[in-house]
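These notes are about the structure you will find just below.
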Amino acid sequence: MKVSAQELSKLISRQDDTNPPTAEELAALVDQTLPPDRREAVLNHLERSPDSARAVAIALEPGATSGGAGFRWLAVAASAVAAVALASVVWLGGTPEEDTLRAADPSISPAPGAVISTPDDLFSWPAPPDLSPRRVRIMSAAAETIWLSEPTSPPVDLPAGTVASGKTYLWQLEDVDGTVVAGPNWFRMP
Amino acid sequence: MRGKKEQEFEALWQRHGPGVRARLVNQRLLDPAIDVDDIEQEVRIRLWRVLQTETQVTHAASYLRTVVNSALIDAVRRAQARESSRRGGEFNEQMHTATNNEGLADPVQGQQRMQELSAAAESALEAMSANRRRAVSLRLHGLAVNEIGALCGWSSAKARNLVYRGLEQLRSELGKRGIDLES
């Protein structure tokens, strides 16, 4: 009989853990602050709990920049119905850095939390190997789009009048199909 | 006049709130079950509560990162709980269809076959070393190789090795038990 990875995930799941981890313990596991004895018990739990494992994976996610996220989203959304190819996807993500809310690529600017000193400060990013163009999307703090650039190479000028002083904005890089390749990061106007 | 705690809270939130929001917006791209406004509010409440009980929050960004993670996990678990009965039904229906395709139209037989499949999967995993079993189980649940490494304290190379060697062994062990793991 043929069995998909997702079906197998469900077949090996168990719901008889008498001391399942709390959300705080799972968050501590992500932050690597869980005591060793409890850590081992929580990892044992994750082996047998697809739901807890996927919840932890959401908290681990450093950015929406890779194929691994797509794989996970399929796993979450399609549940046991879809057969998902397992072996072909390797995601090379990072881990959260100390005392930052999430890891950021230092070669992308402005950095998270940057204060843009003048309206014509530039958005820049490393050119991808295939030199494919990117779009810059600027959003309000409520994540509503207020400006979307044409597909372009770096750097990109912040158009005058797009943002207002004293406000905080989010920005992200997208490919021409609208897939997010970096961010969202945030910046402030003085 | 606003109290010292309110001022401290506002200062912390002014500094870190946009980062929290960006993180939540980012995570929502991965899981639409995440309600950014709800979780942001939850994080604000948790931060406010801790400020009431502690004289000073040191390493606020680290603390907030843990709070955000905890709130995210709570939110995902709540969404999973809402979906679990429907998903369970779909899974049973799917497996029942699969067992029907094996000629097991009788629901009791189908249920027995599912239990056999589950036992076979268990025994295939039991045949593996503890580390390989952990790596493969987490991979089957949808975690990426580097995430598995980060959670288990392994290097990327070690995690990748355990996952792929483990998947090879699992495929072989399942084969011995009459199960073909789709690739």
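- Criterion: ILVMFWY side-chain heavy atoms under 4.5 Å apart, direct or through other members. Under it, A:I146 and A:V156 are part of a common hydrophobic cluster.
- For B:L170, the part sitting under 4.5 Å from any heavy atom of chain A is the side chain, from C-beta outward, and nothing else.
- Across B:L72 and A:A59, no two heavy atoms sit closer than the pair CD1-CA, 4.5 Å.
- Atom CD1 of A:I58 is separated from atom CD of B:E147 by 9.0 Å, given to the nearest 0.5 angstrom.
- More than 12 heavy atoms of other residues, nucleotides or ligands sit less than 6.0 Å from atom CD of A:E40.
- Taking CG of B:L117 as the start and NZ of A:K10 as the end, the distance is 15.5 Å to the nearest 0.5 Å.
- Counting heavy-atom pairs under 4.5 Å between each of B:T66, B:V36, B:L174, B:L151 and chain A puts B:L151 at the top.
- Remark: B:S137 OG to A:L43 CG distance equals 11.5 Å, nearest 0.5 Å.
- Within 6.0 Å of the CZ atom in B:R15, the count of heavy atoms belonging to other residues, nucleotides or ligands does not exceed 12.
- Residues B:W13 and B:I45 do not share a hydrophobic cluster, defined by chaining ILVMFWY side chains whose heavy atoms lie under 4.5 Å apart.
- Looking at every heavy atom in both residues, A:A55 comes nearest to B:I73 through O-CG1, 3.7 Å.
- Nearest heavy atoms, A:R14 versus B:S118: NH2-OG, 3.6 Å.
- Rounding to the nearest 0.5 Å gives a distance of 7.5 Å between NE2 of B:H141 and OG of A:S13.
- Only the side chain of B:R46 has a heavy atom closer than 4.5 Å to any heavy atom of chain A.
- At least one side-chain heavy atom of A:L26 sits less than 4.5 Å from a side-chain heavy atom of B:R77.
- The distance from the CZ atom of B:R134 to the CG atom of A:L46 is 8.5 Å, given to the nearest 0.5 Å.
- At a threshold of 4.5 Å between non-hydrogen side-chain atoms, the residues A:I12 and B:L140 count as touching.
- Side chains of B:I179 and A:L8 form no contact here, defined as non-hydrogen atoms less than 4.5 Å apart.
- Contact record, A:E24 with B:S70: OE2-OG, 3.3 Å, taken as the closest heavy-atom pair.
- Remark: the B:E182 side chain and the A:S4 side chain contain no N/O donor-acceptor pair separated by less than 3.5 Å.
- Under the 4.5 Å side-chain contact rule for hydrophobic residues, A:L148 and A:L173 do not share a cluster.
- Taking chain B as the reference chain and counting heavy-atom pairs below 4.5 Å, the highest number among A:T33, A:N44, A:V42 is found for A:N44.
- Of the listed residues (A:L29, A:V56, A:V30), just one forms a side chain to side chain contact (heavy atoms under 4.5 Å, CB included) with B:N69, and that residue is A:V30.
- Rounded to the nearest 0.5 Å, atoms CZ (B:R21) and CE (A:M139) are 10.5 Å apart.
- Ranked by non-hydrogen atom pairs under 4.5 Å with chain B, the options A:R48, A:E47, A:E25 are led by A:E47.
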